[in-house]
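For reference, the structure discussed in these notes is given below.
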Number of protein chains: 2
Amino acid sequence: MKNREEVRTLFKTKKVPLTHQRLAVYEELSGRRDHPSAEALYESLRKAYPSLSLATVYKTLQTLHEMGMVARVDSPAAQARYDAIVETHHHAVCTACGRIEDLFDPRLDALPEPKAAGFVISGHSVHFHGLCAKCAKAPSTRTIKEK
Amino acid sequence: MKNREEVRTLFKTKKVPLTHQRLAVYEELSGRRDHPSAEALYESLRKAYPSLSLATVYKTLQTLHEMGMVARVDSPAAQARYDAIVETHHHAVCTACGRIEDLFDPRLDALPEPKAAGFVISGHSVHFHGLCAKCAKAPSTRTIKEK
DNA sequence: TCCTGTTTGATAGTTATTATCCACTGATAA
DNA sequence: TTATCAGTGGATAATAACTATCAAACAGGA
Ligand SMILES: [Mn+2]
Ligand SMILES: [Mn+2]
Ligand SMILES: [Zn+2]
Ligand SMILES: [Zn+2]
């Protein structure tokens, strides 16, 4: 959530070229609190930038994400993963290899009820992320994704 | 995590036909603790059931999910959603319309460190799910998904 | 065993995302 | 200011995960 000057400085510091498109995507996203999709951003932006391409929005979001300027709300996992344990429990997800380990901890089951006006909460899930034992040990042999 | 007899009874109770494929998918998933994808289950199952189709695995997982017998580990969201707020915060996700609201609550930022052997945790996120104010009010006009 | 609504398997279609490719541009140096 | 050029953007093809379609086979009750 940075203003235009902070953005310019950050790009300069990180030696990443700051283009009109990158600034536009970041400022549009900054102005919204509805956690838009790439497509939704594209639809808003194309009015002011008719030549903008959807692929550019995707590439820009990825760049901004790598720079630590935007976050992805849901897990970046492309594939759904299933579990025969339907009882309440939580997960540790390895960002390098995709391994998912179970966490059974009653302290995570009872979290403070959030105060989101009018929202009727039916449950919650906690995702810890980091490196699994194997990937933490491995120097750089990143698999990125396992089936 | 039910045995064969419990599964038979549950299908009978819910009046859902129990096929060989449904039993096979459920038992394969029950026997694994690696949170497999549909494709991974299919790869394991096709050895014993060479005529099994991947589409059937998808349909079966959906059926089992609706019956409350399997859980999806990650959000079923098809589209990635982005956020310019990279500071630690959490989210309430409406299961009816896809709306995502921010939750700022320091009590959710400091959760008990989970004891997953060897796992190097770098962060966590909490997803509450339920119905947003609008959808909780609306009788049944479910939008299912908004862009 | 027979009957009928459901499910399966094969496959085509869809959707979100990524890769490719080349003209163009932002950042630096002259 | 202009020249240079690595990196970027736009157009579009390709990919990956999933979903729809539909005829044939099946499950479960009569
Ligand atoms: Mn689990
Ligand atoms: Mn947020
Ligand atoms: Zn790992
Ligand atoms: Zn809603």
Side-chain angles (χ1 to χ4, degrees), chain A residues 4 7-26 28 35-43 45-46 48-67 70 72-82 98 144-147, chain B residues 4 7-26 28 35-43 45-46 48-67 70 72-82 98 144-147:
Chain A
R4 194 168 294 189
V7 172
R8 286 195 193 288
T9 319
L10 189 53
F11 271 87
K12 181 155 282 184
T13 307
K14 300 213 175 196
K15 296 196 203 309
V16 177
L18 175 57
T19 62
H20 299 307
Q21 291 89 335
R22 286 172 174 173
L23 185 60
V25 168
Y26 183 74
E28 172 67 22
H35 305 86
S37 63
E39 178 106 28
L41 287 170
Y42 171 65
E43 284 307 322
L45 286 163
R46 65 188 313 186
Y49 304 87
S51 76
L52 180 69
S53 154
L54 175 59
T56 297
V57 176
Y58 275 106
K59 284 184 279 198
T60 299
L61 285 169
Q62 196 169 290
T63 302
L64 294 171
H65 182 57
E66 286 162 4
M67 295 176 73
V70 321
R72 252 194 281 249
V73 175
D74 39 28
S75 74
Q79 262 182 323
R81 301 277 291 259
Y82 297 89
I144 295 300
K145 197 176 129 188
E146 68 177 1
K147 275 260 168 78
Chain B
R4 194 166 295 188
V7 172
R8 284 192 194 292
T9 319
L10 189 53
F11 272 87
K12 181 156 283 183
T13 307
K14 300 213 175 195
K15 296 196 202 311
V16 178
L18 176 57
T19 62
H20 299 308
Q21 292 88 338
R22 286 172 174 173
L23 186 59
V25 169
Y26 183 75
E28 172 67 22
H35 306 86
S37 63
E39 179 107 24
L41 286 170
Y42 171 66
E43 285 307 322
L45 286 163
R46 64 187 313 186
Y49 304 87
S51 75
L52 181 68
S53 154
L54 176 59
T56 297
V57 176
Y58 275 105
K59 284 183 279 198
T60 299
L61 286 169
Q62 197 170 291
T63 302
L64 293 170
H65 182 58
E66 286 164 2
M67 295 176 72
V70 320
R72 251 192 283 245
V73 175
D74 39 30
S75 74
Q79 262 183 322
R81 302 276 293 259
Y82 298 88
I144 295 301
K145 196 175 132 191
E146 69 178 0
K147 276 263 169 71

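Please read these numbers as outputs of a predicted model, since none were measured by experiment. In the text below, chain A, chain B and the rest are named by the order of the sequence lines, each starting its count at 1.
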* Asked: For Ser53(A) and Pro17(B), take the nucleotide of DNA chain D holding the closest heavy atom to each; which residue's nucleotide lies nearer the 5' end?
  -> Ser53(A)
* Asked: Rounded to whole angstrom units, what separation is found between the CD atom of Gln62(A) and the P atom of dA16(C)?
  -> 17 Å
* From the list dG9(D), dG26(C), dA27(D), which nucleotide is the closest neighbour of the side chain of Thr19(B)? -> dA27(D)
* Asked: Which nucleotide, dT8(C), dG10(D), dT17(C), lies nearest any side-chain atom of Lys59(A)?
  -> dG10(D)
* Any idea which of dT8(C), dG9(D), dA27(D) is nearest the His20(B) side chain? -> dA27(D)
* Structure fact -> Separation between OG1 (Thr9(A)) and CG (Leu18(A)), nearest 0.5 Å, reads 10.0 Å
* Val16(A) side chain: which of dT21(D), dT8(D), dA11(D) is closest? -> dT8(D)
* Choose from dG9(C), dA11(D), dC18(D) the nucleotide whose nearest atom is closest to any side-chain atom of Tyr58(B). => dC18(D)
* To do: Could you state the atom-to-atom distance from CD of Glu39(B) to P of dT19(D) in whole Å?
  => 14 Å
* To do: Using atom NZ of Lys14(A) as one end and atom C1' of dA27(C) as the other, report the distance to the nearest whole Å.
  => 19 Å
* **Proximal nucleotide (of dG9(C), dA19(C), dG28(D)) relative to the Leu52(B) side chain** => dG9(C)
* Between Arg22(A) and Lys12(B), name the one whose nearest nucleotide on DNA chain D is closer to the 5' end. => Arg22(A)
* Structure fact -> When rounded to whole Å, the OH to C1' distance for the pair Tyr42(B) and dC18(D) reads 14 Å
* **Expected output: side-chain Arg81(B) to main-chain His35(A) donor-acceptor under 3.5 Å** => yes
* To do: Would you indicate which nucleotide in dG10(D), dA20(D), dT12(D) comes nearest to any side-chain atom of Thr56(A)?
  => dG10(D)
* To do: May I ask you to decide if Leu23(A)'s main-chain N or O and Arg4(A)'s side chain share a donor-acceptor pair within less than 3.5 Å?
  => no
* To do: Note the angle between the end axes of the helix from dT1(C)-dA30(D) to dA30(C)-dT1(D), five pairs defining each, rounded to 10 degrees.
  => 40°
* Asked: Contact class for Leu54(B) (heavy atom, under 4.0 Å): base, sugar-phosphate, or nothing?
  -> nothing
